[in-house]
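Sequence lines set the chain letters: A, B, ... in the order given, protein chains first and strands last, and positions in each chain run from 1.
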Number of protein chains: 2
Amino acid sequence: MSRVTIKDIASKLGVSAATVSNALNGKAGVGKARRKNIMEIASQMGYQPNAFARNLVNQQSYAIGLIVSSISDPFYPELARGVQEKASELGYCMMLFNTNHSIKVEQNSIETLNARGVDGIILATVLQDDPNIALLEKLRIPFVLVNRLLLDPGIASSIDSVVLDNYRGGYESARHLLRMGHTRITIIAGNMKASTAILRTRGARDAMQVYGISEERYDVVDCGYVMETAYRVAKEKLKEKNIPSAFLCQGDNMALGVREAVCEAGMTIPGDIALLGFDDIEFSSVAGIELTTVSHRQYQMGSTGTELLVDKIASERQAGVTKNIVLEPELIVRKSCGFGVKGYIMP
Amino acid sequence: MSRVTIKDIASKLGVSAATVSNALNGKAGVGKARRKNIMEIASQMGYQPNAFARNLVNQQSYAIGLIVSSISDPFYPELARGVQEKASELGYCMMLFNTNHSIKVEQNSIETLNARGVDGIILATVLQDDPNIALLEKLRIPFVLVNRLLLDPGIASSIDSVVLDNYRGGYESARHLLRMGHTRITIIAGNMKASTAILRTRGARDAMQVYGISEERYDVVDCGYVMETAYRVAKEKLKEKNIPSAFLCQGDNMALGVREAVCEAGMTIPGDIALLGFDDIEFSSVAGIELTTVSHRQYQMGSTGTELLVDKIASERQAGVTKNIVLEPELIVRKSCGFGVKGYIMP
DNA sequence: TTGAATAGATTAAACGATAAAGTAATCCAA
DNA sequence: TTGGATTACTTTATCGTTTAATCTATTCAA
């Protein structure tokens, strides 16, 4: 509750509220001496502009929303930090929402955010058939997609986004396993409605083809990016007669789930089974885990996404060119894939 | 930008704006038929109340702020999720701020939050000599402390809080090591200005005394709750001639730092060195890590803290009794402390 | 000396809702 | 049938800013 208002200052100095407003906002039409005087009195009285009134007259809140599936998933905190810090830098606040992987909750979040008049939304959870894109467009609220995007070029071409080159990440990670001689690979995929999982899988498939592995010789299981599911799937896989020699996981958290199953089955990594992750969460590098994985630039995604959004908010009335930013992934070789099935690495 | 306003509805139906407002808000003084009619037209026209105008007239934003040191620290995401979900349930939004362990950034965050007119703040980062408590009180903004609190009973008795019984956690964890026969213990402490670290250390010291370990026989190092620092400290410790047989860490992330140092020194856990953590972050349970630790109730802390805060906001004008909630910790025995130095556990 | 331009201010409207006060019609009891 | 209570509204004020429109001296060129 900011007590002192612009009127208090005005009446104290015997001037009009408009003059005080103009002085404080550095606008023309106020004499030098008076301006200085007003500024002094204002700070002396501890004046704090009332955000509600400002928001009302400008129809702007200087707040943005960030929607993630769950901040507890170790993939998202760095992204959120990127958004928050860049937002603060640009004078915005960040409101955080978790969808818990639910389209319905995603919808509620968007509606709430809109009802509160945020200036824009960063959506990290979009799916291919996501009805909420239409919602966002109907609400005419600026938004950018980060992490995941829409693959339909017709739609995608008009939506700002910041994503990793997931195809390449998928390709390179599969290639790494293939070069090490693995031919029985199970792909532990993320949510196959998410562009990330689709593209990583597509990249992996292409790599398989290049290395002459036909479709019957590997399989892809949608584990929805949840660790628990990956664990259960791996558990089952390892009971079959012809178990895979490598698990290609599309998320480090899922890789950890698989790792758990492998360990429980009494097998070792990379001795019996090779394991490859994706995202390079902080935890993947700890001794004894040392997951070979693909780096992801969560912080940068959040930070750049925020820049795009704020740009978009500022230039709302102008024509605005769509920006699609693609970040480059990097294969990070640690120990979870060992030194290859036959002890050497193919070219 | 919500286009249609209360006035549009009013003029369309030939009634006054006040009647529309009353009808929509379920207030008395509107005839049955008219009320129904207004509601229908409103939803038909896609009316969305303008939050800015509402905020201005009620001087309330239905938003709260959460201040953590860094959302990337695996301790905080669950807490944030607890806050966000409870907040949503109660009709509030959560704005997230990271302080990066800086008092100055903490101050900025509070001031920003205040300037934006949030209804209250949840502070998870308070230190004993934190000048920002005075700031919060000066601003007369409702707040609650979670995770950490102030130990000075004079101040603490008037501030709502939700914390773990850190003394007990510290005591039990030390006792566990002592029962296993460890007598050379290094305590990797958190930030010693945080009540968590102070109380955990106090608990540990008391346990030491009960088990007859004098002060010269163990040491306490402030690692500020950062993994990297813990890693470096452990690295140094392991170079000394008389290395500890156990590290008692006040945070799982720091335990992982220590673990790294131990591994790099070519030693094993728990074979050569016992390791005990605190917080039970999700990662601590994975195969091969299996950190013995103390459970912390991050989600509940966030959720309950939010309830207290919203209570406090609602009853702001009333006398309001201070609530201090203490959650119980639980020792979670996994493998990182092995089976005791002499192969047995003391009573 | 006149008229236009300009600096420095004021007034009033607007933003979109809510809350308080006022009014006209209806109802019911005495 | 009178008058108090109730109901269903409307009018007006207010929240704290910003901003467009207006006003009044003063300056200055012609």
Side-chain angles (χ1 to χ4, degrees), chain A residues 1-39 41-43 45-63 91 114-119 316-317, chain B residues 1-39 41-43 45-63 91 114-119 316-317:
Chain A
M1 321 294 153
S2 41
R3 197 96 314 151
V4 27
T5 77
I6 225 169
K7 276 186 190 165
D8 298 330
I9 301 176
S11 68
K12 177 151 195 167
L13 290 174
V15 297
S16 74
T19 301
V20 175
S21 174
N22 286 330
L24 259 22
N25 293 316
K27 302 228 164 146
V30 187
K32 257 195 164 183
R34 177 140 286 175
R35 162 167 277 137
K36 199 181 160 206
N37 189 222
I38 289 174
M39 309 249 275
I41 296 292
S43 85
M45 290 174 80
Y47 171 71
Q48 277 272 96
N50 182 306
F52 302 144
R54 260 201 185 152
N55 291 349
L56 177 59
V57 61
N58 314 323
Q59 294 296 326
Q60 258 214 59
S61 63
Y62 285 98
N114 178 251
R116 286 176 176 270
V118 296
D119 298 341
E316 185 60 351
R317 280 139 212 149
Chain B
M1 320 299 152
S2 39
R3 196 98 311 155
V4 27
T5 76
I6 224 169
K7 274 186 190 166
D8 299 332
I9 301 176
S11 68
K12 178 152 196 167
L13 289 175
V15 297
S16 75
T19 301
V20 176
S21 173
N22 287 330
L24 258 22
N25 293 314
K27 302 226 166 150
V30 187
K32 256 194 163 181
R34 177 139 285 174
R35 161 166 276 136
K36 195 180 162 207
N37 188 223
I38 289 175
M39 310 250 273
I41 297 292
S43 84
M45 292 174 79
Y47 170 71
Q48 277 271 97
N50 180 306
F52 303 144
R54 256 194 188 161
N55 291 348
L56 177 59
V57 63
N58 318 319
Q59 293 296 327
Q60 258 213 60
S61 62
Y62 285 98
N114 179 251
R116 288 176 175 269
V118 297
D119 297 342
E316 185 60 349
R317 281 141 210 147

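- In this entry the distance linking CZ of B/Phe52 with P of D/dG16 reads 18 Å, nearest Å.
- The separation between B/Asn58 atom CG and C/dG16 atom P is 16 Å, rounded to whole Å.
- None of B/Ser16, B/Pro49, B/Ser21 except one satisfies the side chain to side chain contact (heavy atoms under 4.5 Å, CB included) rule with B/Ile6; the exception is B/Ser21.
- Close to C/dG16, at under 4.0 Å from its OP1 or OP2, lies no side-chain N or O of B/Thr5.
- Regarding A/Arg116, its CZ atom lies at a distance of 19 Å from the P atom of C/dG16, rounded to whole Å.
- At D/dT19, one or more side-chain N or O atoms of A/Lys27 fall inside 4.0 Å of OP1 or OP2 (strictly under the cut-off).
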Evaluate B/Met39 against B/Arg35 for side-chain contact (heavy atoms from CB on, under 4.5 Å), listing each step before the verdict.
CA-CA 6 Å; B/Met39 310 250 273; B/Arg35 161 166 276 136; 4.3 Å; yes

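- The phosphate of C/dG16 (OP1 or OP2) has no side-chain N or O of B/Arg54 nearer than 4.0 angstrom.
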Evaluate the side-chain contact (heavy atoms from CB on, under 4.5 Å) criterion for residues A/Thr5 and A/Asn50: first the C-alpha distance (whole Å), next the side-chain angles of each, then the deciding distance (0.1 Å), finally the verdict.
CA-CA 8 Å; A/Thr5 77; A/Asn50 182 306; over 6 Å; no

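- Side-chain atoms of A/Asn37 never come within 3.5 Å of backbone atoms of A/Ala33 as a donor-acceptor pair (strictly under, hydrogens ignored).
- Put simply, B/Asn25 has a side-chain N or O that comes within less than 4.0 Å of OP1 or OP2 on C/dT18.
- We find that CD of B/Gln48 is positioned 10 Å from P of C/dA17, with the value rounded to whole Å.
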Please encode protein proximity along nucleotides 9-15 of chain C as a string of B, S and -, counting only heavy-atom distances under 4.0 Å.
BBB---B

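- Under the 3.5 Å distance criterion, the side-chain polar atoms of B/Arg116 are matched with a main-chain donor or acceptor of A/Tyr62.
- Remark: P of C/dA17 and CG of A/Asn55 are 15 Å apart, rounded to the nearest angstrom.
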Kindly determine whether A/Tyr47 and A/Val20 satisfy side-chain contact (heavy atoms from CB on, under 4.5 Å), including the steps that lead there.
CA-CA 11 Å; A/Tyr47 171 71; A/Val20 175; over 6 Å; no

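- Protein atom CD of B/Gln60 is 21 Å distant from nucleotide atom P of C/dG16, rounded to whole Å.
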